[in-house]
There are 2 protein chains.
Amino acid sequence: MHDEAAEKAETARAAAPRRRLTPAERLPQILEAALEEFSESGYGGASMAGAAARAGVAKGLIYHYFPGKAELFTAVVRSCIQPVFTEAEKLVAAHAGSNADLLRQLIGLAYRRVGEDLRDGVLFKLLLAEADRFPELADFYQREVLSRGLALVAGVVRAGIAAGEFRPDAADQPGLAAVLMAPVAMSSVWRGMLGPDRAPSPEAMCEAQVALVLNGLARPAPG
Amino acid sequence: MHDEAAEKAETARAAAPRRRLTPAERLPQILEAALEEFSESGYGGASMAGAAARAGVAKGLIYHYFPGKAELFTAVVRSCIQPVFTEAEKLVAAHAGSNADLLRQLIGLAYRRVGEDLRDGVLFKLLLAEADRFPELADFYQREVLSRGLALVAGVVRAGIAAGEFRPDAADQPGLAAVLMAPVAMSSVWRGMLGPDRAPSPEAMCEAQVALVLNGLARPAPG
DNA sequence: TCAGTTATTGACCATTCGGTCGGTAAGCAA
DNA sequence: TTGCTTACCGACCGAATGGTCAATAACTGA
């Protein structure tokens, strides 16, 4: 594949003298380079040689760190998706105010995260695309991303109902958490595929969703 | 690639005597076969030989109908995504009742569509994944899917506000249509990547979203 | 029946890719 | 210094892929 960007990145980074590094130094370089390569070319289109070149490293070295392409890919995904959720869970654990406010903050945090780093979105999109061909990856997504996110949202909703903030019948809607999560996820996907300019604005979506959700969950006014 | 399913499909279909067909007959066969191939293997992983085998046809024939792999892919996408929107637009045009009811019907239609045909979801997922590498495809998606869907939803919301059904301040939220569309799209993506069993149930999401949206858009009760 | 058109084939080519392997040298311990 | 471990290289291989092309056989109209 003749790829300008990859080529330039290669020559730029390969120009640095090749030193022997400790695995703790080299691994992040390889993961970062692989992320670029996978993001730009997809799983099938990405080449080990390309990833190696981006890292300024010989192809063989990657096989010193990973058994094969598939394992490299899963490692890249793992290293990227985790931080978001730990951050969100920390927010929930630390929050003290109303559940409506917590939900607003949670939604805001998620959209901000989508808005700032484009690569996350690209990788998320890539993950979606490849999950069904990597059972291990689909398991990972379901366990570490989807279930975790749904549990987080559902917990806040449940607490809000218990506190009398939200309409009680929301407790009987098992699909509610997914409906609340989906816009953020989709915002990320849209940005990944269309770019920041043509995709619906995360800020606008955030505002609209917060308004919709807080109204939609509010207890009906008496009368 | 050694693929059991593809192999079986091949032998099964190739057993039929090879006849000369008119392009109008052969084209759908090739598109259908290519859809299967792309769905199962992604763009990079799909092979022209595989698609040809599934269609029970020699590889060369595909090049008689399409200039190359990229064009075949875009043709497959085009032929699949269109019908949903024409159906939805027909529904809107024909509807006579309240806008709240129209919105409910629209959401229901979209989720039903997602629930019944799995291949649509898989292809949609594939489209998301490959769009940024095919500018023409990204344009197509933005023009024929996203914009059209957003316009459809926004129109109903606007009409509902004008009719006094929905809260007037919803008119000031440009991200609202995207928020309303996203759960359906995401439901499709989730089913495509996790399968019908592990993905959030479209029926449950539909019910929750309808309830949330109709409450969230309703005019605040006086008092 | 015959010529012209074209749907269809399958062998073939150049290229690329994932993965292997023997070898090199840098760091470290003794 | 010596010797062991291991990060690192880069040439190499078999397999698979996208794409080509000359040959063929099935339709069509005259």
Side-chain angles (χ1 to χ4, degrees), chain A residues 1-3 6-7 10-11 13-31 33-34 37-38 40-76 130 133-134, chain B residues 1-3 6-7 10-11 13-31 33-34 37-38 40-76 130 133-134:
Chain A
M1 186 189 17
H2 184 74
D3 186 318
E7 208 170 271
E10 167 186 3
T11 55
R13 248 170 291 190
R18 299 195 171 164
R19 299 186 314 115
R20 178 194 174 101
L21 296 183
T22 174
E25 298 172 297
R26 189 63 85 192
L27 255 170
Q29 292 182 353
I30 293 181
L31 286 175
E37 177 76 8
F38 282 125
E40 281 187 20
S41 308
Y43 180 81
S47 80
M48 299 298 268
R54 284 174 200 265
V57 135
K59 191 174 66 167
L61 186 57
I62 297 191
Y63 289 92
H64 182 66
Y65 287 98
F66 299 96
K69 193 184 188 181
E71 290 81 4
L72 175 62
F73 181 69
T74 62
V76 168
E130 307 291 349
R133 231 161 322 153
F134 294 88
Chain B
M1 184 191 21
H2 183 74
D3 185 318
E7 206 171 272
E10 168 188 1
T11 55
R13 248 170 292 189
R18 299 196 171 164
R19 299 187 313 115
R20 178 195 174 100
L21 296 182
T22 174
E25 298 171 296
R26 188 64 85 191
L27 255 171
Q29 292 183 353
I30 294 180
L31 286 174
E37 178 76 9
F38 282 125
E40 282 187 19
S41 308
Y43 180 80
S47 80
M48 300 298 268
R54 283 174 201 265
V57 138
K59 191 176 66 166
L61 185 58
I62 297 191
Y63 289 91
H64 181 66
Y65 287 97
F66 300 94
K69 193 183 186 182
E71 290 81 4
L72 174 62
F73 181 69
T74 62
V76 168
E130 307 291 349
R133 232 162 321 157
F134 294 88

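So you know, we letter chains A, B, ... as the sequences are listed, proteins then strands, and number each from 1. No hydrogens, no waters, no symmetry mates; every other heavy atom, side chains included, goes into these values.
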I need the CG-P distance between A:L27 and D:dA7, as an integer number of Å. 10 Å
B:M48 has an atom CE; how far is it from atom P of C:dT15, in whole Å? 19 Å
Whole angstroms only, please: what is the CD-C1' distance between B:Q29 and C:dA7? 13 Å
Report the nucleotide, chosen from D:dG10, C:dG18, D:dA7, that has the shortest atom-to-atom distance to any side-chain atom of A:R20. D:dA7
So does A:R26 get a side-chain nitrogen or oxygen closer than 4.0 Å to the phosphate oxygens (OP1/OP2) of D:dC8? yes
Of all pairs that satisfy ring-ring contact (aromatic ring centres under 6.0 Å, His included), the ones with a partner from residues 45-72 of chain A, not counting sequence neighbours: none
Report the distance from atom CG of A:L21 to atom C1' of C:dA25, rounded to the nearest whole Å. 14 Å
Which residues in residues 64-76 of chain B have a heavy atom closer than 4.0 Å to any atom of DNA chain D? B:G68, B:K69
What pair of heavy atoms forms the shortest contact from B:I30 to B:A55, and how long is it? CA-CB, 4.3 Å
Residue pair B:E71 / B:P67: nearest heavy atoms and the distance that separates them: CB-CD, 3.8 Å
Tell me the interatomic distance from A:E25, atom CD, to C:dG27, atom P, rounded to whole angstroms. 11 Å
Donor-acceptor pair under 3.5 Å, A:K59 side chain vs C:dG18 base: yes
Of the options C:dT9, C:dA7, C:dG18, whose atoms approach the side-chain atoms of A:S47 most closely? C:dG18
Short side-chain to backbone donor-acceptor contact, A:S41 and A:F38, under 3.5 Å: no
Which nucleotide in the set C:dT9, C:dG18, D:dC9 lies at the smallest distance from any side-chain heavy atom of B:L61? C:dT9
Is a side-chain donor or acceptor of B:S47 paired with a backbone partner of B:G50 at a separation under 3.5 angstrom? yes
Kindly indicate, with the supporting measurements, whether the criterion salt bridge (Lys or Arg N to Asp or Glu O under 4.0 Å) is fulfilled by A:R54 and A:E40. CA-CA 12 Å; A:R54 284 174 200 265; A:E40 281 187 20; 3.1 Å; yes
